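The first residue in the sequence is number 1, and the count goes up from there. Source: prediction; values computed, not measured. Atom set for the values below is all heavy atoms of this structure, side chains included, hydrogens, waters and symmetry mates excluded.
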Amino acid sequence: MSRIHEALKKAEQDRAASQGGPAQPSFAAPTAEAPVVTADELPGTPATGVHAPGIPLTSAMPSFASPSSLDALLARCPQLQWKPEEKTMLFFNGDDNARGTEEFRTLRSRLYHAREKMALKKILVTSALPKEGKSFTAANLAQVLVKQHGRRVLLVDADLRGPRLHIMLGTAPSPGLSDYLQGGSDEFSIMQRGPMENMFFVPSGQQISDPAELVANGRLKVLLQRVEALFDWIVVDSPPAVPVSDASVLAKACDGVLMVVRSNATPVDMAQRARQEFPDQALVGVVLNGTDGDASPYSRYYYEAYGKNQTESKA
């Protein structure tokens, strides 16, 4: 393992120690009627420093003398003036009581509960079909995670076919992931900083004609492994799971999968088909989007988790 990767790993350990171990939500636990996460067998986080055979690595990580230089590394990321969509980016307008915010806090709580039982840092967010709310969920999940003091989050737009996150955040789409996957950019040149402290974003990058081949070339896994020591959470938005194979490939580079389904829109057979794209132990839970806003306090966005017998709990 290189000196850089050793330093990154040590920095991650020091960061966890300085924060008193795994982070816990600062708000009260949800009521007993809320669903419980039961996912005991998610694969652990692979060791850093893995190099996909035959894939040249950009010489991106500068050497540094101590783990305290990690902030200096992230300072290399370009600072851009994002213009987030007010209706979809719930946590940028300063209204902590906006509709949907409490449901995302509940989702955050569920993920921290799951994290007590498994290695869970890199989360893939997908759906069965387009227009079910996966990008909305990924973006707002990243925002609510970074709202906790001192937590640093990376949001990655890995939907190279129909990227939406840069539009929602109101920022430039490139340089981004596709540029890195082609070897044209390093880790920090594609990683943006915006107005929300400690939230970083990798956009999709320039449009390409062969997204499936790029996604499968192994460099995304290398990217995540090289930078994961810098972050408390990494949220990856992927293409829908049914029309294309990208999501199942991307999931192998992550620790767990969140599936988004849309109420009264996602066909049951499509949701079941999408679920079959991932191993049982990889599926952390399901986010139900677009329900009747007057039905209950948890009506629009809530979280359901699968146990070993794949039984759903109801909110």
Side chains of T106 and E103: do they bring a donor and an acceptor to under 3.5 Å? no

Passes side-chain contact (heavy atoms from CB on, under 4.5 Å), Y180 versus V202? Steps please. CA-CA 10 Å; Y180 177 87; V202 174; over 6 Å; no

If we ignore hydrogens and angles and just use 3.5 Å, is the side chain of R76 paired with the main-chain N or O of F188 as donor and acceptor? no

Answer yes or no on whether R193 is positioned over the face of W82, meaning its NZ or CZ is under 6.0 Å from the six-membered ring centre and within 45° of the axis. no

Tell me whether the count of non-hydrogen atoms from other residues, nucleotides or ligands lying under 6.0 Å of CD in Q79 goes above 12. yes

In terms of heavy-atom contacts, does CG of N264 have more than 12 from other residues, nucleotides or ligands at under 6.0 Å? no

Considering residues at least two apart in sequence or located in another chain, which fulfil the ring-ring contact (aromatic ring centres under 6.0 Å, His included) criterion with F200? F231

Tell me, with the steps shown, if V244 and R161 meet side-chain contact (heavy atoms from CB on, under 4.5 Å). CA-CA 10 Å; V244 293; R161 300 172 185 270; 3.6 Å; yes

side-chain contact (heavy atoms from CB on, under 4.5 Å) between F201 and L80, intermediate numbers included: CA-CA 10 Å; F201 174 52; L80 300 183; over 6 Å; no

Hey, does L220 have a side-chain heavy atom less than 4.5 Å from the side chain of V215? no

Applying the 4.5 Å side-chain criterion to the ILVMFWY set and letting contacts propagate, would V287 and M270 be lumped into a single cluster? no

Would you indicate whether the side-chain heavy atoms of D179 and S174 approach each other to under 4.5 Å? yes

Measuring only between side-chain heavy atoms, which start at C-beta, is L145 closer than 4.5 Å to D232? no

Check whether any side-chain heavy atom of C77 sits under 4.5 Å from a side-chain heavy atom of L74, and report yes or no. yes

Decide if atom CD of E197 counts as having more than 12 heavy atoms of other residues, nucleotides or ligands within a radius under 6.0 Å. no

Test item: side-chain donor near acceptor, T266 and E132, under 3.5 Å: yes

Quick one: does L214's side chain get under 4.5 Å of I208's, heavy atoms only? yes

For ring-ring contact (aromatic ring centres under 6.0 Å, His included), just list the numbers for F136 and F104, CA-CA rounded to whole Å, side-chain angles, deciding distance to a tenth of an Å, and then say yes or no. CA-CA 11 Å; F136 168 84; F104 276 103; 5.8 Å; yes

Are side-chain heavy atoms of L258 and K134 found at a separation under 4.5 Å? no

With salt bridge (Lys or Arg N to Asp or Glu O under 4.0 Å) as the test, would you mind laying out the steps for R164 and D157 before giving the verdict? CA-CA 8 Å; R164 284 280 305 162; D157 194 344; over 6 Å; no

Do the non-hydrogen side-chain atoms of D246 and L160 ever get within less than 4.5 Å of each other? no

Answer with yes or no whether the hydrophobic clustering places V249 together with V242; edges join I, L, V, M, F, W, Y residues whose side-chain heavy atoms lie under 4.5 Å apart. no

Just distance, no hydrogens or angles: give the donor-acceptor pairs under 3.5 Å from side chains in residues 124-131, sequence neighbours left out.
from	atom 1	to	atom 2	distance (Å)
T126	OG1	S238	OG	3.1
T126	OG1	P239	O	2.9
S127	OG	L129	O	2.8

Student check: side-chain heavy atoms of F91 and V146 closer than 4.5 Å: no

Following the transitive rule for hydrophobic clusters with a side-chain heavy-atom cut-off under 4.5 Å over Ile, Leu, Val, Met, Phe, Trp and Tyr, establish whether I167 and L155 coincide in one cluster. no

Taking the side chain from S109 and the backbone from R105, do they hold a donor-acceptor pair closer than 3.5 Å? no

Polar side-chain atom of S178 near backbone of S204 as donor-acceptor pair, under 3.5 Å: yes

Ion pair D255/K122, N-O distance below 4.0 Å: yes

